[in-house]
Amino acid sequence: MEDLIGYTFALGAIYVAYKWLSAPKAQRPPPGPSLGFTPKRVTQDMVTQVQTMFPDQPYDNIHFDLLKSGSVELTCNKILEQGFLPPPPQVYFTLYPTQAPPTPAAPGPASLPSTPASSSKTAPKSSLIDRYGLNERVGTDSSPIPTPPPAGWETTAEKREASLKERKAAMVLAARKQLLEKEKQAATPAQS
């Protein structure tokens, strides 16, 4: 009987020593208790999707909110309702070190001609007059501010598109005319 107690004690000591020696040395604590919630699974695509829609929001704010909500839709709704995402707490930066986030390529409108990236850095930005092809409609300084056509619902998609383009053109020309008048007024007192 005394041998059985000795063998049991020896086996128990060997088991404890084995578990202690085979345990991983640098075990990272789970982030849940330190953050105050259980983080959801967040992919880079989710962060990129939100950052594409709201490029003014910092990467870490988006990532932290997605960890909390786990949903792109909830994060977008929060941005729309509050206007911003609150910054993450300091413990977030110890658990998720800041890395250089990939910058999402902002998709441009399909109607704009695509230019190579190297030439866009050296070439000056085009004006709205150039983009909408209004060079021939730019009038003299004495022309009145153009009024947009009435905004009615047209019967066909082509007519609606043409009406929208005409209203955009009228808005751009009116804004240009007002800007030129303001510049002229600002230049007049400076000369006298």
Side-chain angles (χ1 to χ4, degrees), residues 22-134 148 151 153 157 160-161 163-180 182-183 186:
S22 66
K25 299 296 182 212
Q27 189 174 17
R28 190 176 190 185
S34 55
L35 285 176
F37 60 90
T38 304
K40 311 288 190 295
R41 184 174 172 269
V42 176
T43 63
Q44 184 61 40
D45 289 339
M46 294 167 73
V47 177
T48 304
Q49 188 176 5
V50 175
Q51 202 167 30
T52 301
M53 289 185 275
F54 304 100
D56 59 325
Q57 296 297 318
Y59 176 86
D60 290 322
N61 296 15
I62 294 171
H63 187 253
F64 180 71
D65 195 79
L66 284 171
L67 286 172
K68 283 171 68 174
S69 68
S71 168
V72 171
E73 183 179 351
L74 291 175
T75 299
C76 291
N77 284 343
K78 190 172 189 178
I79 294 171
L80 291 172
E81 289 171 1
Q82 295 180 352
F84 66 97
L85 287 175
Q90 231 14 62
V91 71
Y92 165 84
F93 295 104
T94 59
L95 295 172
Y96 302 97
T98 303
Q99 53 190 340
T103 55
S111 63
L112 295 179
S114 61
T115 58
S118 61
S119 67
S120 66
K121 291 179 183 175
T122 58
K125 293 183 179 180
S126 63
S127 66
L128 288 175
I129 302 293
D130 295 333
R131 279 192 220 160
Y132 290 114
L134 302 174
W153 190 258
R160 288 191 294 270
E161 184 178 359
S163 173
L164 177 64
K165 284 183 180 180
E166 184 61 31
R167 285 184 284 157
K168 280 184 183 180
M171 273 189 352
V172 169
L173 292 173
R176 179 182 183 278
K177 181 74 172 172
Q178 289 175 353
L179 178 66
L180 291 174
K182 281 184 183 179
E183 288 176 352

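Keep in mind that this is a model prediction, so the values were computed, not measured.
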Q. Are T94 and Q90 close enough that some pair of their side-chain heavy atoms sits under 4.5 Å apart?
A.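 Side chain of T94 against side chain of Q90, heavy atoms only: no contact under 4.5 Å found.
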Q) Quick one: are F93 and D60 in side-chain contact, heavy atoms under 4.5 Å? A)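 The answer is yes; the side chains approach within 4.5 Å.
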Q. Which is it for I79 and D65 under the side-chain contact (heavy atoms from CB on, under 4.5 Å) test, yes or no, and what are the steps along the way?
A. CA-CA 10 Å; I79 294 171; D65 195 79; over 6 Å; no
Q. How about F37 and F64: are their ring centres within less than 6.0 Å of each other?
A.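 Yes.
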Q: Please assess F54 against L80 for the test side-chain contact (heavy atoms from CB on, under 4.5 Å), listing each intermediate value before the final yes or no.
A: CA-CA 10 Å; F54 304 100; L80 291 172; 3.8 Å; yes
Q: Apply the test side-chain contact (heavy atoms from CB on, under 4.5 Å) to residues V72 and M53: give CA-CA distance (whole Å), side-chain angles for both, the deciding distance (0.1 Å), then the verdict.
A: CA-CA 11 Å; V72 171; M53 289 185 275; 4.2 Å; yes
**Q.** Crowding at CD, E73 (>12 non-hydrogen neighbours, <6.0 Å)
**A.**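 Open.
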Roughly how far, to the nearest 0.5 Å, is the [atom2] atom of [Y] from the [atom1] atom of [X]?
X: L67; Y: Y92; atom1: CG; atom2: OH; value: 6.0 Å
X: K177; Y: L179; atom1: NZ; atom2: CG; value: 11.5 Å
X: K40; Y: T38; atom1: NZ; atom2: OG1; value: 6.5 Å

Closest contact, heavy atoms only, [X] versus [Y]:
X: K78; Y: K68; value: NZ-NZ, 4.2 Å
X: P87; Y: N61; value: CA-OD1, 3.6 Å
X: L66; Y: S71; value: CD2-O, 3.5 Å

Q) Between Q57 and L85, is there a donor-acceptor pair closer than 3.5 Å when you use the side chain of the first and the backbone of the second? A)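 Yes, Q57 side chain to L85 backbone: donor-acceptor pair under 3.5 Å.
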Q: Taking salt bridge (charged side-chain N to carboxylate O under 4.0 Å, His left out) as the test, write out the residues that go with K165, two or more places apart.
A: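 With sequence neighbours excluded, K165 shows a salt bridge (charged side-chain N to carboxylate O under 4.0 Å, His left out) to E161, given in chain and number order.
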